[in-house]
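Some notes on the structure that comes next.
Nothing fancy with the numbering, it's 1 onward along the sequence.
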Amino acid sequence: MSELLDKAKQFFAEKVANVKTPEAAVTDLDLESVHRDSIDYGAKVSVDNPYDASIPICEISYVLKSDGRVIASGTIPDPGSLKANDKTLLDVPVKVPHSVLVSLVKDIGRDWDIDYELELGLTIDLPIIGNFTIPLSWKGEVKLPTFSDLF
């Protein structure tokens, strides 16, 4: 009986390991708008759904780091769903308070930009498997707005 159970476990593990899952990639991070208390950035995420049915997105979590410190983080609950057999482009808004920028003066003073690392977790609800999180990471630099951008 235990041999049969072991074979069933092995079969199930092989089948689950070979199941296609959606693939995602961060394609860009852009300045969206400037406010008196914050700067809004928008991350663009492309997700490819290999299934014949749309898949609900449970949440998107993000952490924006600069110089090893977290400068923005948050969660977007229930952002929609992934189109069946297609690519879905997602916009992930990231709000950075001006007070955080003050702590990054050394990095900003060198070249008027912020070197950053964006970490995203795209949690989707896969049938049979349940909630599945696709981890994403993107590094780059964001140019800060000049006075002409503000007015």
Side-chain angles (χ1 to χ4, degrees), residues 12-151:
F12 183 72
E14 288 174 3
K15 292 300 179 189
V16 169
N18 294 326
V19 171
K20 287 185 177 181
T21 58
E23 295 180 3
V26 178
T27 59
D28 202 7
L29 181 73
D30 288 325
L31 173 72
E32 297 284 324
S33 60
V34 178
H35 307 281
R36 288 187 302 162
D37 61 340
S38 64
I39 298 175
D40 292 339
Y41 293 96
K44 309 295 185 222
V45 180
S46 175
V47 186
D48 189 19
N49 180 4
Y51 300 121
D52 293 333
S54 65
I55 299 174
I57 304 170
C58 301
E59 71 177 20
I60 300 173
S61 58
Y62 64 88
V63 175
L64 182 62
K65 296 179 182 177
S66 180
D67 199 26
R69 291 178 282 174
V70 174
I71 61 172
S73 64
T75 302
I76 303 166
D78 194 25
S81 61
L82 303 176
K83 299 175 197 169
N85 283 325
D86 202 1
K87 285 192 187 237
T88 302
L89 298 175
L90 302 171
D91 291 317
V92 180
V94 178
K95 182 177 283 236
V96 179
H98 288 305
S99 60
V100 172
L101 298 177
V102 173
S103 67
L104 301 173
V105 169
K106 188 187 291 184
D107 182 35
I108 294 169
R110 283 189 295 250
D111 49 10
W112 201 246
D113 68 15
I114 299 173
D115 299 315
Y116 69 87
E117 180 178 1
L118 177 64
E119 297 172 355
L120 291 172
L122 178 65
T123 304
I124 55 177
D125 186 11
L126 290 178
I128 300 174
I129 296 173
N131 287 355
F132 178 78
T133 300
I134 302 171
L136 302 167
S137 183
W138 177 267
K139 290 183 180 182
E141 61 183 35
V142 174
K143 293 289 183 189
L144 292 175
T146 60
F147 285 113
S148 61
D149 294 332
L150 298 174
F151 302 103

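When all heavy atoms are compared, the tightest approach of Ala24 to Leu136 is O-CD2, 3.2 Å. Here the closest non-hydrogen pair linking Ala84 and Asn49 is CA-ND2, 3.8 Å. Scanning all heavy atoms of the two residues, the minimum distance from Trp138 to Val26 falls at CZ3-O, 2.8 Å. Residues Gly121 and Thr133 share a closest heavy-atom pair of CA-CG2, 4.0 Å.
For the salt bridge (Lys or Arg N to Asp or Glu O under 4.0 Å) condition, the pairs that include at least one residue of residues 116-129, sequence neighbours left out, are Lys65-Glu119. Residue pairs meeting the side-chain hydrogen bond (donor to acceptor under 3.5 Å, both in side chains) criterion with at least one partner in residues 54-63, sequence neighbours excluded, are absent. Within the structure, the side-chain hydrogen bond (donor to acceptor under 3.5 Å, both in side chains) test picks out the following pairs touching residues 74-89 (sequence neighbours left out): Asp52-Asn85. Listed by first then second residue, pairs satisfying salt bridge (Lys or Arg N to Asp or Glu O under 4.0 Å) with a partner in residues 23-45 read Glu32-Lys44, Asp40-Lys95, Lys44-Asp91, not counting sequence neighbours.
Listed by chain and residue number, nothing satisfies the side-chain hydrogen bond (donor to acceptor under 3.5 Å, both in side chains) test with Asn131 (two or more places apart in sequence, or in another chain). Qualifying side chain to side chain contact (heavy atoms under 4.5 Å, CB included) partners for Pro50, counting only residues two or more places apart in sequence or in other chains: Lys20, Pro22. Not counting sequence neighbours, the partners of Ala43 by the side chain to side chain contact (heavy atoms under 4.5 Å, CB included) test are Leu29, Val92, Leu118.
To the nearest 0.5 Å, the span separating CG on Leu122 from CD1 on Ile76 amounts to 10.0 Å. For the atom pair Leu82 CG and Ile55 CD1, the distance stands at 5.5 Å (nearest 0.5 Å).
For the pair Ile57 and Leu90, the minimum side-chain heavy-atom distance is below 4.5 Å.
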